[in-house]
Each structure stands twice: as C-alpha cells, then as structure tokens.
Number of protein chains: 2
Amino acid sequence: MPDPEKLSSTDTDTGQPLPPLAMFEGKLADRVHAALLEAILDLRYRPGARLRKTAICDALGVSRSPVSEALARLAAEALVDIVPQAGSFVARLSMEEIREGAFLREALELQAVEMVAATLTDEHLQALRRNLRLQALCLAEGDGPEFHRLDAELHGMILSFTGHRRAARIAASAWLHVDRARRLLLPRPGRMAAALEEHRMILAALEARDPTAARHAMRHHLGQLLSLIATLAEERPDLFT
Amino acid sequence: MPDPEKLSSTDTDTGQPLPPLAMFEGKLADRVHAALLEAILDLRYRPGARLRKTAICDALGVSRSPVSEALARLAAEALVDIVPQAGSFVARLSMEEIREGAFLREALELQAVEMVAATLTDEHLQALRRNLRLQALCLAEGDGPEFHRLDAELHGMILSFTGHRRAARIAASAWLHVDRARRLLLPRPGRMAAALEEHRMILAALEARDPTAARHAMRHHLGQLLSLIATLAEERPDLFT
DNA sequence: GGTGTCCGGCTAACATGCTAGGATGTTACA
DNA sequence: TGTAACATCCTAGCATGTTAGCCGGACACC
C-alpha cells in the first residue's frame with residue numbers, strides 16, 4: 001500500500017519543510033504532535049511520504065520517545081499509517097475518511113446547534129455576531145485565510161457552547177481529513193460570500209432560538225463541501241489512496 | 001482533586017484484582033490497554049484509586065513502555081487522570097463526562113439510524129431481527145448480562161451499517177463513561193422488557209425505512225438512561241468527582 | 001530469462017536508565 | 001498547639017540501548 005511513488009531524487013524531506021520548532025505549548029510530545037500536524041495539514045509532508053523518526057528527532061532536537069508518542073497519536077487520528085517494523089507514512093487522502101469525517105462532523109454539529117438554540121445566552125450571541133462582522137470584513141478585503149480561520153472559529157464556538165469539550169475535540173479531529181482536502185481546492189469564486197450567507201442563516205435561527213431552523217441551516221451549510229471535494233478526487237487521483 | 005479518600009489499610013490494589021494477562025491480541029500496548037480498560041470498567045480498579053505503573057508492570061510481566069502508552073490512551077479517553085510528576089489515578093465518575101458521552105452517543109446514533117433507514121439492505125435487517133429474537137430469549141430466561149451484550153451489539157450494528165468504522169469506535173469510547181455508571185445501577189425491574197420494546201420500535205421504523213420515525217424511536221430509547229444515572233449520583237456521591 | 005533463497009539494512013516496539021518536580025511526613029519554631 | 005520550612009520519596013516524562021521483523025537486493029539455481 002505505501003508504495004514509493006515517483007520520488008524526485010531523494011525520498012527524504014527536502015530539508016526545507018521542517019515543521020517549525022517549539023512555538024507550541026504543553027508537554028514535549030504535545031508540541032511535536034502539533035508541529036507534525038501542522039506540517040501534514042498544509043502538505044509540507046506530502047500524502048504518501050515516508051516519515052523518518054530519526055530525521056524528525058534531530059530536526060526538532062528531541063529524542064525518539066516524544067516523537068513516537070506524537071506519531072502514535074497521529075495514527076489514531078488516521079493521519080499517519082504506521083506499519084510495524086517497516087515505517088511510518090503520511091496517510092493518503094481517502095474519500096472514505098473524508099466522508100466519515102463529514103458524517104461525524106455533521107452529526108455533532110447538528111446536535112450541537114439544536115441544543116445551543118435552546119440554551120444560548122446573550123454573551124454567546126454577542127460573540128457569534130462579532131465573529132460574523134469580522135467575516136464580512138474579510139470578505140470585503142478578500143482575506144481568504146483569515147476568513148477560513150473565522151469560519152472554523154464559528155463552528156468551534158457553537159460546539160463549545162454545549163459545554164462539551166470532548167465533543168469539540170472530536171469534531172475538530174474528524175474535520176482534519178475534510179480540511180486537508182479542502183486546502184487543495186482552489187478557492188471557488190463566490191464561495192466565500194455564499195458561506196457567509198449560510199453562516200448568517202444559522203445565526204438568524206439561533207437568534208430566533210429555533211432549534212429546527214438552526215438544524216436545517218447547519219445541514220444546508222455542511223452539505224455544500226462534499227461535492228466540491230469529490231471533484232478533487234478526480235482531478236488529483238495521485239493524492240488519494 | 002485526586003485525594004486519597006478513605007483508604008482501607010493499604011491503598012494499593014489488593015493483589016487480587018489483577019487485570020487478566022494477555023488473553024487479548026495485538027501489540028503489547030494494545031493488550032495492556034485492553035486489560036486495564038476491563039479492570040476499570042468493572043470497577044476492579046475503583047474510581048479515584050491510584051494506578052501504580054510499577055505494580056502493573058510486574059503484575060503483567062512487561063516493562064513500563066507499553067504500560068505508559070496504555071495509560072496515555074486511557075487518559076485520552078478520560079478514564080484515567082495523569083498528573084505529571086505526581087501519579088495516575090482512575091477517573092472518578094463525573095456527571096459532566098456522562099452527559100457528554102450521552103450527547104456524543106445520541107448525536108452519532110441519531111445520525112446513523114437516520115442514514116441507515118435509507119440505505120439498509122436485507123442482510124442488515126436479517127441480522128437485526130436475529131438480534132432481537134435473542135434479546136427476547138434473554139428476557140424470558142432473565143439472562144441480564146447476555147441481554148446487555150446483545151443491546152450493545154444492536155447499537156453497534158446500526159453504527160457499523162453506516163460503513164463508518166471510526167464513528168463506531170468513537171461512539172463506543174463515548175459510551176464507556178455512561179456504561180461504567182450503568183453497571184453500578186441495580187437492575188431495575190421491568191427495564192429489560194421496556195428496552196426490548198424500545199428496540200422493537202426502532203426496528204419497526206427501520207423495516208419501514210422511515211428515517212424520521214427511526215430517529216424518534218432512537219431518541220426516545222436513549223433518553224431513558226440519563227435520569228436513572230442521575231439518581232445514582234445522589235445515592236453514591238463517593239464515586240463521583 | 002525467470003524464480004526461489006539468503007543476507008544486510010532499516011524500522012517500530014520494547015526495556016531500562018536518568019532527571020526534574022510535586023506530594024508527604026517530620027521537625028523546628030512561634 | 002499550630003504553622004512553616006525542610007528532607008525524603010515517588011512519579012511522569014524523556015533519553016537511550018536492545019530486540020525482532022519486514023523490505024529489497026543479490027545471487028544461485030532452474
């Protein structure tokens with residue numbers, strides 16, 4: 001399964017895409033995990049590439065223990081394939097995983113938005129409105145990356161308003177696969193504006209404290225992405241399993 | 001937070017509740033994880049108890065590496081609290097965690113049953129019907145443990161029919177906390193029969209391939225348990241955080 | 001030329017030594 | 001007697017040595 005693929009000169013990392021050092025916090029293993037996660041998500045480590053523990057070790061200046069733990073965690077998140085006594089590889093994108101991530105995310109967010117619509121406080125509404133104002137600003141200025149950050153933040157806020165931290169973590173983890181694929185999509189013209197409008201529908205339903213409407217609005221919003229990704233699988237089959 | 005509690009003579013494990021050795025499969029760390037999980041779930045390790053790595057090591061005849069990995073995984077599942085440079089403790093039951101587990105489980109199962117109602121095959125229906133027949137048998141014979149196993153199997157089947165393996169895993173993990181509490185509940189008279197009836201409602205909705213009815217039936221079924229557990233929290237506050 | 005076998009290199013998994021820091025019990029002092 | 005400083009113990013986390021199994025190439029044999 002993890003075949004060498006067309007490897008240009010050296011298979012090893014080109015030296016450049018070093019995941020940034022410890023600009024993270026927490027235990028050493030946490031920081032290594034965060035660094036590798038970032039590198040995998042923005043494709044500095046390409047899908048299918050081999051991960052050399054020793055290279056990672058002296059690139060980050062740590063020993064194998066935290067690296068092993070980080071890789072094990074990434075494997076649990078299905079972002080890395082560990083083949084015992086053979087090697088570790090960045091997982092290829094898989095429509096299977098992406099669909100599953102979307103399923104999980106949808107299940108959690110629909111339940112969350114329904115619950116939140118009934119329990120929302122004014123502070124929560126304030127925060128949501130503020131986020132949407134910033135989104136509008138980004139749209140006006142064409143700041144895609146920041147818009148995306150706010151998008152993720154909005155969804156994260158709704159999940160966290162349920163008070164269930166673990167649920168938010170799981171949703172984030174599930175979304176990783178979808179997000180990794182999404183980053184490969186060229187920005188579609190008009191998509192940002194459409195997303196903002198969909199977000200507004202969700203907020204409107206929450207302001208009305210209408211669980212059913214909130215659920216519908218969220219479902220419509222989440223339904224948009226999968227079809228886009230399906231086209232990617234046809235355009236770039238080399239990135240998929 | 002992890003206070004000593006009233007410790008009878010020795011705080012250490014009484015020697016007896018050794019988690020059974022490697023009757024599991026997979027890597028060493030997997031087996032240790034499974035053994036500890038079993039011990040924690042059926043309360044051979046009591047909530048709040050200290051987990052001594054070294055004791056576990058020579059009880060199982062392995063070194064600290066696999067034990068550490070297993071404990072880390074249990075900590076990720078919120079079944080163990082690891083306090084750096086202090087110790088590892090079996091997590092106390094927490095209504096927080098239980099509610100969260102129920103939330104996750106409900107979110108996933110509602111979405112799953114809705115999806116499955118639309119995509120179900122005849123083989124799937126066969127398997128569900130067979131499971132329910134066995135449940136009826138257990139009810140007639142008063143075989144509680146087996147009934148519970150079939151109950152869990154039924155829910156697992158519905159999740160697996162979505163084709164999403166990770167979702168099933170997450171649901172199982174989320175359910176752990178609810179289940180650990182549930183095992184402390186005295187069997188309520190009539191509960192088994194009621195559960196069977198609720199299961200029949202779900203199956204009926206699936207046979208009719210009616211997503212909405214299936215969703216409603218499942219929601220009703222899952223709604224039953226939480227109130228029972230809330231009473232437990234009052235009767236046995238020592239087990240809770 | 002095609003096929004089976006052996007060998008070397010590389011890897012994850014496991015074992016073990018080391019270190020820093022929190023918890024606890026004791027003692028000195030008010 | 002109550003409190004605060006101290007010494008000891010124990011722990012998780014990290015580093016590093018060891019083991020066993022897969023992979024790929026070479027070579028012999030068919």
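Below, chain A is the first sequence line, B the second, and so on; all start at residue 1. Small disclaimer: the values here were computed from a predicted structure and weren't measured.
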*asked:* Measuring only between side-chain heavy atoms, which start at C-beta, is B:Val80 closer than 4.5 Å to B:Tyr45?
replied: no
_Measure CG/A:Asp30 against C1'/D:dA12 and give the value in whole Å, please._
13 Å
_If I take atom CZ in residue B:Arg73 and atom C1' in nucleotide C:dA13, what distance separates them, rounded to the nearest angstrom?_
13 Å
*Would you mind reading off the distance between A:Leu71 atom CG and C:dT11 atom C1', rounded to a whole angstrom?*
12 Å
_Whole-Å gap separating P (C:dT11) and NZ (B:Lys27)_ = 17 Å
*Measure from CZ on B:Arg64 to P on D:dT11 and round the result to the nearest Å.*
11 Å
*For the base of C:dA13, is there a side-chain donor-acceptor partner from B:Ser65 under 3.5 Å away?*
no
*Do B:Arg31 and B:Leu60 have side-chain heavy atoms sitting under 4.5 Å apart?*
no
*asked:* Counting the atoms with a prime plus P, OP1 and OP2 as sugar-phosphate, which does B:Ile82 contact under 4.0 Å by heavy atoms, base, sugar-phosphate, or nothing?
replied: sugar-phosphate
*asked:* Pick the closest DNA chain D nucleotide for B:Lys53 and for A:Ala86 by heavy atoms, then say which residue is nearer the 5' end.
replied: B:Lys53
*Rounded to the Å, how far apart are A:Arg50 CZ and D:dC23 P?*
10 Å
*Hey, are B:Glu77 and B:Arg73 close enough for a salt bridge, meaning a charged N less than 4.0 Å from a carboxylate O?*
no
_What is the separation between atom CG on A:Leu28 and atom P on C:dG21, rounded to the nearest whole Å?_
14 Å
_Mind checking if B:Ser68 touches a base, just sugar-phosphate, or nothing, with heavy atoms under 4.0 Å?_
nothing
*asked:* Given C:dG22, D:dA15, C:dT16, identify the nucleotide with an atom nearest to the side chain of B:Ser63.
replied: C:dT16
*Between B:Arg52 and D:dT11, does any side-chain N or O lie under 4.0 Å from OP1 or OP2?*
yes
*Quick one: are A:Phe24 and A:Leu37 in side-chain contact, heavy atoms under 4.5 Å?*
no
*asked:* Applying a 4.0 Å non-hydrogen cut-off, can you work out what B:Thr54 is touching in the nucleic acid: base, sugar-phosphate, or nothing?
replied: nothing
*Tell me which of A:Pro84 and A:Val62 sits closer to the 5' end of DNA chain D, going by the nucleotide each one is nearest to.*
A:Val62
*Donor-acceptor pair between B:Gln135 and B:Asn131 side chains, under 3.5 angstrom*: yes
*Starting at CD of B:Glu69 and ending at C1' of C:dC14, how long is that distance when rounded to a whole Å?*
10 Å
